[in-house]
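Notes follow once the structure below has been shown.
Just so you know, these numbers use all the heavy atoms, side chains as well, and skip hydrogens, waters and symmetry mates. Letters A, B, ... mirror the listed sequences (proteins, then strands); counts begin at 1. These numbers come from a predicted model, not from an experiment.
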Amino acid sequence: MSGTYEQRYEMTQPTVEREPYDPHAVQDRWLPVWDRLDLYRAGRHEGAPKKYVLDMFPYPSGDLHMGHAEAYGLCDVLARYWMRRGFDVMHPIGWDSFGLPAENAAIKRNEHPATYTYANIETQAESFRRYAISFDWTRRLHTSDPEYYRWTQWLFLRFRERGLAYRKSSAVNWCPQDQTVLANEQVVQGACERCGTVVTKRDLTQWFFKVTDYADRLLDDMEQLRDSWPSRVLKMQENWIGRSQGAHVDFAIGTDTVTVFTTRPDTLYGATFFVVAADAPLALQLCAPDRREALEAYREDVRKLSDIDRQSTDRPKTGVDLGVSALNPVTDEQIPVYAADYVLADYGTGAIMAVPAHDQRDLDFARAFDLPVRVVVDTGAEDPSVTGVATSGDGVLVHSGPYDGLRKEEAIAQVVVDLEARGGGKGAINYRLRDWLISRQRFWGPPIPIVHCEACGEVAVPDDQLPVRLPDLRGADLKPAGTSPLGAATEWLNVSCPSCGGPATRDTDTMDTFVDSSWYFLRFCSPDYTDGPFDPEAVRQWMPVAQYVGGVEHAILHLLYSRFFMKVLHDMGMVDAVEPFAALLNQGQVINQGKAMSKSLGNGIDLGAELSRFGVDAVRLTMVFAGPPEDDIDWADVSPAGSVKYLARVARLAEDVGELPLSEVRDPAVDRAVARTVDEVTRLVEGQRLNVAVARFMELTSTMRKSYDAGAAGVASLREGVASLAVMLGCFAPYTAEEVWSRLGHDVEAGDSVHAATWPTAEPALLVEDTVTCVVQVAGKVRDRLEVAPDVGEDELRELALASAGGVKALDGRGTRTVIVRAPKLVNIVPA
RNA sequence: GCCGGGAUGGUGGAAUCGGCAGACACGGGGGCCUCAAAAGCCCUUGUCCGAAAGGGCGUGCGGGUUCAAGUCCCGCUCCCGGCACCA
């Protein structure tokens with residue numbers, strides 16, 4: 001540090017009593033001014049390139065919490081950054097206001113879901129405003145508004161016309177707590193995603209969206225997202241869709257032909273028995289009359305098992321011999337047929353050929369039922385019938401007739417060719433993905449716009465009668481009862497058939513919340529459009545979303561469904577893009593003391609309380625500074641008080657610098673520090689390495705403070721430097737930055753806000769250093785440092801290093817074997 | 001079981017091109033200011049040896065490649081996440 005002690009002492013003695021930094025006063029000062037200035041409306045910058053920045057919209061359950069503060073704070077930095085860079089940014093907000101969580105919470109409080117939901121929305125909206133998120137409030141939407149769900153229903157009808165929405169009877173997931181069916185994606189480890197209750201199966205007629213038609217495209221289009229989505233999410237979707245390549249093989253059982261799916265057609269010679277899913281109708285159909293009783297009893301046992309028990313892999317294999325045999329189309333061998341619960345009714349064809357030598361589950365069953373084990377692929381491993389371990393690796397075919405001697409992959413290809421030539425099977429692809437079950441037996445969702453007529457069957461509600469509004473049902477019992485509460489609204493329920501005019505009833509189910517959220521990002525482009533769900537021209541301008549931010553919990557729910565919707569809309573000619581979200585950021589969670597916050601643990605942190613203690617900016621800065629955006633933040637490990645301290649330092653510096661008499665004098669050291677920070681922070685924000693960007697702000701602040709304390713020689717440099725800092729910091733800590741901006745003399749009230757300023761640029765000349773520190777290593781250890789010109793020559797640098805005091809000392813008279821020179825940063829001398 | 005991701009000081013993290021390990025903070029220690037405290041400011045803080053100068057060691061563990069490895073390769077251990085009888 002320069003400057004004598006006396007000088008510094010003079011400078012740091014306040015001559016007048018100074019107001020300490022009060023974050024709340026700063027908030028109160030600027031919030032109303034910003035409201036008036038209307039700073040964040042999309043479309044403000046005629047002709048500027050557009051960028052659509054979006055957070056996953058919130059559920060209106062209670063007020064905002066720490067998780068919201070993290071996610072929206074992060075996304076706000078990015079949105080504000082792009083605004084400062086001159087983009088026309090759309091950063092809208094709305095509410096995912098239909099759905100089970102809000103409905104359950106409302107019922108618990110004995111309130112109507114609408115009352116509860118809209119009250120929460122107002123609370124959250126006000127909290128967002130105070131939290132200073134740069135939303136364009138003019139585009140606000142709620143999925144529970146009739147103006148919105150009219151188009152959700154309209155889309156349902158278009159999907160149905162294309163055969164993508166259909167009704168079928170099947171065994172579906174049922175949550176006994178919420179008294180409704182659930183989609184496959186909403187069952188997490190056998191339990192309801194919402195309430196954690198163990199899910200059971202029910203045979204019901206339900207509405208589905210045909211996602212499986214899009215399985216291939218959902219997989220293949222991921223290539224476009226490879227570099228801009230977290231690889232973890234892509235992997236999860238890939239596994240969820242679960243494409244497997246194999247073959248369908250037809251086995252004759254009596255007069256029936258039963259097809260199986262297998263990924264290992266090469267092992268057909270090793271199939272020693274056949275298994276059908278015990279709970280599939282097929283089992284009953286195939287069963288010999290004298291085995292019927294045994295099968296019925298077994299099916300009863302299976303039904304009693306919960307999904308969780310059934311899924312445990314180490315459970316002993318059970319099953320029933322059906323007393324019939326199946327004909328292997330390749331070997332013409334008759335093999336016994338069993339029904340067992342380890343074969344799933346709803347995967348593949350619900351039946352398998354069992355190859356115990358090469359499939360562990362089949363081997364376990366064979367050993368339990370004393371069935372033959374025949375090795376047909378020699379992998380070099382020991383006999384599975386001896387070891388109890390099935391072999392699935394590569395090898396050479398044996399005991400396989402004409403296929404003997406082929407390698408596994410060759411055999412798979414050859415068997416498929418032969419099956420197709422001879423009949424009896426064909427190459428096939430199978431998916432783990434099931435169709436999306438969208439109907440719910442609950443009140444708080446968009447009614448399914450279908451009328452059931454005795455004469456005409458299912459009839460679509462005509463477009464001009466949309467929306468099918470929810471009946472009010474105020475005062476009625478909305479408690480989950482297993483069938484939709486809508487069935488009790490007699491006046492609403494009974495209608496005349498749109499087709500024949502005869503007596504008919506409305507469909508009483510409502511749609512899953514995830515249907516609402518599968519297209520809201522499109523509605524934001526033209527929220528008031530009345531001729532369709534969205535204005536295709538507006539969508540063309542804004543979509544796809546340039547940056548999407550949200551939690552990883554939606555990896556295979558919302559994110560998969562939205563991708564599906566986008567592709568369907570593309571096929572309908574309504575949108576150009578096929579992917580809705582060009583880039584995705586999964587922010588981490590805010591936890592406390594190593595654990596997720598929960599009521600039962602009593603470790604919850606109240607956002608409102610933190611904001612009252614530390615202020616908005618300090619909480620926002622703490623979240624961002626804590627670590628990489630995608631990492632969890634343990635609130636016990638971070639220091640909002642430290643953030644307050646930093647912000648106060650910035651505010652004090654601004655006040656000091658703002659009071660300096662105007663001057664043109666510059667301080668090259670400050671100029672270079674500012675330029676370096678601007679340059680680096682720009683790249684850091686682009687790379688979403690926001691925590692490091694904050695560290696650079698802190699360094700720059702210290703540099704400028706020291707320059708000021710040392711006599712504030714370069715007033716112009718300091719004023720400009722603090723201004724540049726304010727613009728950049730404004731993306732992170734909007735209130736403090738505005739305060740700083742104003743202390744520098746900007747008339748914010750007149751529209752000269754830091755949030756309307758342009759991102760600073762770094763003069764390239766200032767980024768070139770006069771000298772560079774060159775490290776001199778001897779045998780890889782640092783022994784000296786040299787200040788050299790950035791363009792120093794290799795030979796010159798080698799000589800300098802060899803002559804350096806540290807180098808000579810460490811070399812200790814030894815000769816050199818080689819000298820590696822990486823000008824201008826490093827020389828490594830290797831002793832002989 | 002399968003598929004991802006990770007392990008760096010007392011703590012959160014930085015070092016994203018194979019080139020100074022520990023930026024920036026939090027916490028700790030010491031000091032200045034004060035009647036005192038708070039606030040603020042300054043110094044210090046990986047570890048071991050040493051009074052110091054200086055030196056040794058150090059990025060989960062074991063090997064390897066390289067003049068040079070937190071970073072690349074091989075083999076482990078542990079932690080976190082996802083899927084899970086998916087044929």
(message) Checking Phe273(A) against Phe369(A) for the ring-ring contact (aromatic ring centres under 6.0 Å, His included) test, could you report, in this order, the C-alpha distance in whole Å, the side-chain angles of both residues, the deciding distance, and whether it holds?
(response) CA-CA 11 Å; Phe273(A) 57 102; Phe369(A) 285 78; 8.4 Å; no
(request) Let me see the working for Val211(A) and Glu185(A) under side-chain contact (heavy atoms from CB on, under 4.5 Å), right down to the final yes or no. (result) CA-CA 12 Å; Val211(A) 199; Glu185(A) 288 77 11; over 6 Å; no
(request) Verify ring-ring contact (aromatic ring centres under 6.0 Å, His included) between Tyr646(A) and Phe697(A), making sure each step is shown before the conclusion. (result) CA-CA 10 Å; Tyr646(A) 170 68; Phe697(A) 293 152; 7.8 Å; no
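Within a heavy-atom distance below 4.0 Å of RNA chain B, the residues of residues 225-249 of chain A found are Lys235(A), Met236(A), Ser244(A). Listed in residue order, the members of residues 813-826 of chain A having a heavy atom less than 4.0 Å from RNA chain B are Ile820(A), Arg822(A), Leu826(A).
Looking at residues two or more places apart in sequence or on another chain, you find a side-chain contact (heavy atoms from CB on, under 4.5 Å) between Ala695(A) and Phe625(A). Residues satisfying the side-chain contact (heavy atoms from CB on, under 4.5 Å) criterion with Ser392(A), sequence neighbours excluded, are Arg264(A). Every residue was checked against the salt bridge (charged side-chain N to carboxylate O under 4.0 Å, His left out) condition with Asp637(A), not counting sequence neighbours, and none meets it.
Following rounding to the nearest Å, Gln186(A) (CD) and C83(B) (P) show an atom-to-atom distance of 13 Å. Protein atom CZ of Arg705(A) is 13 Å distant from nucleotide atom P of G40(B), rounded to whole Å. Rounded to a whole Å, the CG atom of Asn828(A) is 13 Å from the C1' atom of G18(B). Between the CD atom of Glu630(A) and the C1' atom of G6(B) there is a distance of 12 Å, rounded to whole Å. When the P atom of C67(B) is taken as reference, atom CD of Glu794(A) falls 17 Å away, rounded to whole Å. Atom-to-atom, CZ of Phe697(A) to C1' of A14(B) comes out at 16 Å; the value is rounded to the nearest Å. Atoms NZ (Lys317(A)) and P (A87(B)) sit 14 Å apart, rounded to a whole Å. The CG atom of Asp656(A) sits 15 Å away from the P atom of G40(B) (whole-angstrom rounding).
When Watson-Crick and G-U wobble pairs are counted only if both distances are under 3.5 Å, A7(B) pairs with U77(B). Remark: A21(B) base-pairs with no nucleotide in the shown strands. Criterion, Watson-Crick or G-U wobble with two distances under 3.5 Å. The partner of G40(B) is C32(B), judged by Watson-Crick or G-U wobble contacts that both fall below 3.5 Å. Nucleotide G1(B) has C83(B) as its partner under the Watson-Crick or G-U criteria, with both atom distances under 3.5 Å.
Each of Gly780(A) and Gly627(A) was matched to the nucleotide of RNA chain B holding its nearest heavy atom; the match closer to the 5' end belongs to Gly627(A). When the nearest nucleotides of RNA chain B are assigned to Asp359(A) and Asp631(A) by heavy-atom distance, the more 5′-ward of the two goes with Asp631(A).
Distance noted for atom C1' between G46(B) and G13(B): 15 Å (whole Å). One C1' atom belongs to C57(B), the other to A21(B), and the distance between them is 13 Å to the nearest Å. Using atom C1' as the reference point in both A39(B) and U47(B), the two lie 35 Å apart (nearest Å). For the P atoms, the distance from G5(B) to G75(B) is 16 Å, rounded to whole Å. When the C1' atom is compared between A52(B) and C67(B), the two are found 33 Å apart, to the nearest whole Å. Of the C1' atoms belonging to A7(B) and C76(B), the separation is 14 Å, rounded to the nearest Å. Rounded to a whole angstrom, the distance from the P atom of G58(B) to that of C48(B) is 15 Å. Annotation: G1(B) and U11(B) have their P atoms spaced 31 Å apart (nearest Å).
A glycosidic torsion no more than 90° from 0 defines the syn conformation; G64(B) lies beyond that range and is anti.
Side-chain contact between Val377(A) and Thr391(A) is absent, with no heavy atoms from C-beta onward closer than 4.5 Å.
The side chain of Val775(A) approaches C20(B) more closely than any other nucleotide in the set C67(B), C20(B), A87(B). Side-chain proximity of Lys781(A) to C67(B), G56(B), C85(B): nearest is G56(B).
A side chain to side chain donor-acceptor pair (under 3.5 Å) with Ser643(A) holds for exactly one of Thr622(A), Asp617(A), Thr736(A); it is Thr622(A). If you run side chain to side chain donor-acceptor pair (under 3.5 Å) between Asp341(A) and each of Arg299(A), Lys317(A), Arg315(A), only Arg315(A) comes through.
Checking the phosphate oxygens (OP1, OP2) of A84(B), a side-chain nitrogen or oxygen of Arg432(A) falls inside 4.0 Å.
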(request) Spell out protein contact along nucleotides 23-28 of chain B as letters: B when the base is contacted, S when just the sugar-phosphate is, - when no protein heavy atom is under 4.0 Å; keep the 5' to 3' order. (result) BBSS--
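One finds no salt bridge joining Arg652(A) and Glu655(A) here, because no Lys/Arg side-chain nitrogen approaches an Asp/Glu carboxylate oxygen to under 4.0 Å. In summary, Arg705(A) and Asp656(A) engage in a salt bridge, as defined by a charged side-chain N under 4.0 Å from a carboxylate O. Under a 4.0 Å N-O distance rule, the pair Glu238(A)/Lys235(A) qualifies as a salt bridge.
Classification of the His558(A)-His554(A) ring pair by plane angle, with boundaries at 30° and 60°, yields perpendicular.
Around atom CZ of Arg814(A), more than 12 heavy atoms belonging to other residues, nucleotides or ligands sit under 6.0 Å away.
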